[in-house]
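A, B, ... follow the sequence lines: proteins, then strands. Residue 1 opens every chain.
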Amino acid sequence: MPDRGPLSGYLSVLNPEQLEAVRHEGAPLLILAGAGSGKTRVITTKIAYLIRERGVEPESILAVTFTNKAAREMAERAAAMEPRAERAVLRTFHSFGSWFLRRNGALLGLDSKFVIYDDDDSTTLLGSIMEDAPRAQAAKAAHAIARAKDYFLSPDDPGLSVIDHREEFRTWYRQYEEKLRAIGNVDFGDLIKRPTELLREHPEVRARFRQRFRVVLVDEYQDSNVAQFELLKELCGPETYLCVVGDDDQSIYRFRGAEVRNILDFPDRFPGTTVIRLERNYRSTSFILQVAGSVVDRNQGRLGKTLTAERGSGKKPTLAFLRDQDEEASFCAELVERSATSGVRYSDWAILYRTNAQSLGFETEFLHRRIPYRVVGSLKFYEREEVKDALALLAFSLNPRDEVAFRRVANKPARGIGAATLERIVAEAARGAPSPDELEDAVLPGDLAAAARRLSPSLSSKARAGVGEFLRVVETGAALLSGGSSAGAGAAKKGRSAEGGLSAGEGLSEFVVRVAIDSGLSDYHRAQDEIAGTQRVANLQELANAASLYPASVEGLVEFLEHIELDRASAAEEASEDSVTLITLHNTKGLEFRRVVMTGLEQGVFPREDKKDDELEEERRLFYVGATRAMDELYLCSCAQRRLYGRTMPTEPSLFLREIDEGAVRVVGRSPSASMGLSAPPAHARGAGASADGLWRVGGRVFHDDYGYGQILSVRESGEGPVVVARFESGRDFRFLPRYQSNSFMRIGDE
DNA sequence: TCACAGTGACTTTTT
DNA sequence: GTCACTGTGA
């Protein structure tokens, strides 16, 4: 190990703990990295260091993260330090699993062209097993199966009863697995579970991978689940250098199967572990850390650490008690607008909320006020009906055994294949008795296209015509893809595209457009557009545009479909012009903003429902994650009432607000505990009117940086614009000339 | 087989 | 307030 001596530039910027973490070698390392402690810097530097100074081959480094965004960022930063780092394998757990299975899945009888089913597809598949069950029930059971896979539980595992103790659940799970295997596709959980099983059952593959990856790094380790832990154990032999980085206080994916014990027990599971703590926070000022820490401190099961702020005390966070979500939205908008006049960029701001549904109010308000914003996550584009239809057709053209895709599009647009006919075809395929001539064509059992063809003569004339049409569509598509889309085919497409309302672009895009038009999906959804004024054809066009990045081949299609399942958020979100970020608390992990507003701090919203024990602790960690995103300023909003299900309900302030250290925040607004004379302005002040521009009205609510929350008592015009007198929570009245106070004095709504 | 209207249920958080 | 599902009638 190169000790002492002047450090090269990229190492000299590290603090002693970070440097120790980068230089550590031997066996295993657990880095407990508090929020904002330079965790990503340590990992990327470590990669560069290993390659540059320890002679490690880039190809032998595997680094896994949980989100694609994190993986990309890591790759970029590592490559900036050391170009050879580009050759390292930097992926999300799931994308690594998929990569692994496409190469080695044959050992499990898995075709390399498999498609990844999302939750919706899994529900459809399970629904075909749970006869007559309403879809909601199938969705619930599908969810339970997903959890079972997170915990590495198979249908015959005794431990399965922890997930769902019903014997019928075990049966559904078993049948679901059988069917999924017969179809030849995988679900999310399989991307972790099946590689692990394969590595266990095939020592030669395990040896090969252990030979290949000498260094394994895991980021956000606190969010790993049991299956991922099992996978790591298979990947890491005695010779492998394993380094995991995480923060138990930021474990927020328990609901998805994340197991905090993974990080808490790491030193026990991997004997000889070195633990290095990074507790210097370079992101936030100390009052912000105090607020975040005082809440998460209440948690029991945690390793415990103390962050120290390297940036000084800064400004106290503001806790604002507001009336309702409308006032909350205008409060946020005012904060942003006000700061914008003094040169703060929109992109310095992030509005955080617990559930995606809460974004709507902010969007409406920001749109109204022309404040640019972007909504991160919740991109439901690939869940849209028309998009899923097109994707199902594409998937079916890859795999005629795909029952889920078949059920979705066989009769869409309606071609006379009703439920009865559909079930007959599915049953026929399951019976799987190919005729002799089909056997010669190597027809796979379960081939739905073949079954439909077989059954066709015995169907009613209407159904027979429909089946014929569907088969024609599928065959045309398959031929187009495998036969190479020649220039001639391209020209033919262009001719038809105008009529379908879609236009073909580069690469795979032509194929997508062709299939959408030829199948009638394009016409079908265009008709829907005309009825409902929707944008479905435009969405199909967007899907086709996204496909243009991929080659027009079977491989290109497989890649495209995988990308959609594993990395659906990226496309629209990269729009990097100056705008406010609207984002769920969960989605903020790994991000930072100069100014952060956490909204909806009310019992039932955040924390959600009456969460108790473990779940409440997870909500606290979520609070911690949200608050520690803020660099300079943090605002917390709590509303006295909130609309839910279209009904306005009174709400209680969040439990977390009581847990915050008194003195670490500045409270504005009528705190429910200390509601001071703000209920109604004195009678003499009523009716005094409004300013000439109509902006300032008696009774209107205002907020001032120094005095907090208040209500307007009187308004009159002067030579310098309106003069406003307001009474604040302290009970004192102050006079303002808003013209000169635009930065510290603002409206937050009318009466 | 399909279109429509009325009725219920429902909201975390995501790879 | 929204969405999905159910039953009815054509």
Side-chain angles (χ1 to χ4, degrees), chain A residues 64-71 91-98 116-120 122-123 127 132-140 143 146-147 149-150 186-193 219-220 223-225 227-228 251-258 352-361 376-380 382-383 385 411-422 460 462-463 465-466 527-528 531-532 562-570 583-589 600 604-611 615 618-619 621-623 625-626 642-648:
Chain A
V64 280
T65 63
F66 279 83
T67 66
N68 293 287
K69 205 185 322 177
R91 287 176 174 265
T92 65
F93 259 112
H94 289 89
S95 127
F96 171 78
S98 178
I116 302 160
Y117 277 172
D118 64 13
D119 296 346
D120 188 63
S122 294
T123 300
D132 300 328
R135 193 174 168 83
Q137 201 192 328
K140 228 173 164 180
H143 186 251
R147 285 298 74 74
K149 291 189 177 184
D150 288 340
V186 302
D187 61 20
F188 270 108
D190 285 343
L191 294 178
I192 311 296
K193 187 164 176 277
D219 191 14
E220 306 279 14
D223 285 326
S224 61
N225 61 34
Q228 286 158 341
S251 169
I252 55 175
Y253 284 107
R254 205 181 103 98
F255 71 93
R256 208 175 73 189
L352 277 44
Y353 37 79
R354 179 66 233 272
T355 64
N356 278 305
Q358 287 166 257
S359 75
L360 195 65
V376 174
S378 84
L379 188 69
K380 301 277 199 265
Y382 293 108
E383 287 165 36
E385 180 187 342
N411 195 35
K412 201 162 188 178
R415 3 178 122 85
I417 308 176
T421 308
L422 204 131
S460 71
K462 199 159 112 191
Q528 298 288 312
I531 296 164
E562 165 159 331
H563 177 81
I564 284 170
E565 284 313 321
L566 260 31
D567 192 11
R568 28 180 67 178
S570 60
I583 189 169
T584 61
L585 287 154
H586 282 87
N587 261 321
T588 60
K589 203 161 53 120
V605 178
F606 186 30
R608 245 200 99 65
E609 302 304 324
D610 287 321
K611 297 257 174 173
E615 287 187 314
E618 176 138 323
E619 298 274 309
R621 293 192 290 266
L622 194 53
F623 179 92
V625 168
R642 183 170 289 273
R643 269 195 310 279
L644 204 62
Y645 305 109
R647 207 169 263 285
T648 302

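Each of A:Asp119 and A:Ala420 was assigned the nucleotide of DNA chain B with the nearest heavy atom; the assignment lying further toward the 5' end belongs to A:Ala420. Heavy-atom nearest nucleotides on DNA chain B were determined for A:Phe188 and for A:Ile417, and the one closer to the 5' end corresponds to A:Ile417.
For A:Ala414, the listed nucleotide lying nearest its side chain is B:dC2; candidates were B:dT15, B:dC2, B:dT13. When distances are taken from the side chain of A:Thr67 to each of B:dT15, B:dT13, B:dT12, the shortest belongs to B:dT15. Nearest nucleotide to the side chain of A:Glu615, out of B:dT12, B:dT15, B:dT13: B:dT12.
Stacking is found between A:Phe255 and the pyrimidine-like six-membered ring of the B:dT13 base under the 5.5 Å centre-distance and 30° plane-angle cut-offs.
Taking 4.5 Å as the limit, some side-chain heavy atom of A:Thr584 sits within range of a side-chain heavy atom of A:Tyr353.
The shortest distance between the side-chain N/O atoms of A:Asn411 and the OP1/OP2 oxygens of B:dC2 is below 4.0 Å. Applying the 4.0 Å criterion to OP1 and OP2 of B:dT12, one finds that A:Asn356 has every side-chain N and O outside that range. Put simply, A:Ser98 has no side-chain N or O that comes within less than 4.0 Å of OP1 or OP2 on B:dT15. In this model, the phosphate group of B:dT14 is approached by a side-chain N or O of A:Thr584 to a distance below 4.0 Å at OP1 or OP2.
A:Phe93 comes within contact range of no nucleotide atom at all, as no heavy-atom separation falls under 4.0 Å. Residue A:Thr65 is classed as having no contact, given no heavy-atom separation below 4.0 Å to the nucleic acid. At a threshold of 4.0 angstrom between heavy atoms, the contacts of A:Ala136 with the nucleic acid are absent.
The aromatic rings of A:His586 and A:Phe255 sit perpendicular, their planes meeting at an angle over 60°, well past the 30° parallel limit.
Checked for salt-bridge contact, A:Glu619 and A:Arg354 meet the test: a charged N lies under 4.0 Å from a carboxylate O. Salt bridge status for A:Arg256 with A:Asp150: absent, with no side-chain N to carboxylate O gap under 4.0 Å.
Distance CG (A:Asp187) to C1' (B:dT14): 15 Å, rounded to an integer number of Å. The NZ-P distance, from A:Lys149 to B:dT14, rounds to 22 Å in whole Å. Across the protein-nucleic acid pair, A:Ile192 atom CD1 and B:dT14 atom P stand 18 Å apart, rounded to whole Å. Atom CD in A:Gln228 sits about 16 Å away from atom P in B:dT14, given to the nearest Å. Put simply, CD on A:Gln358 is 18 Å from P on C:dG1, counting in whole angstrom units. If you measure from atom CD1 of A:Ile252 to atom P of B:dT14, you get 9 Å, rounded to the nearest angstrom. At whole-Å resolution of the value, CD1 in A:Ile583 and P in B:dT12 are 20 Å apart. Between A:Arg608 atom CZ and B:dT14 atom C1' there is a gap of 15 Å when expressed in whole angstrom units.
Screening A:Ile192, A:Asp223, A:Asn225 for a side-chain contact (heavy atoms from CB on, under 4.5 Å) involving A:Phe93 leaves a single residue, A:Ile192.
Of all non-hydrogen atoms in A:Asp190 and A:Asp187, the two that sit nearest each other are N-OD1, 2.9 Å.
Rounded to the nearest Å, the gap between the C1' atom of C:dC5 and that of B:dT12 is 23 Å.
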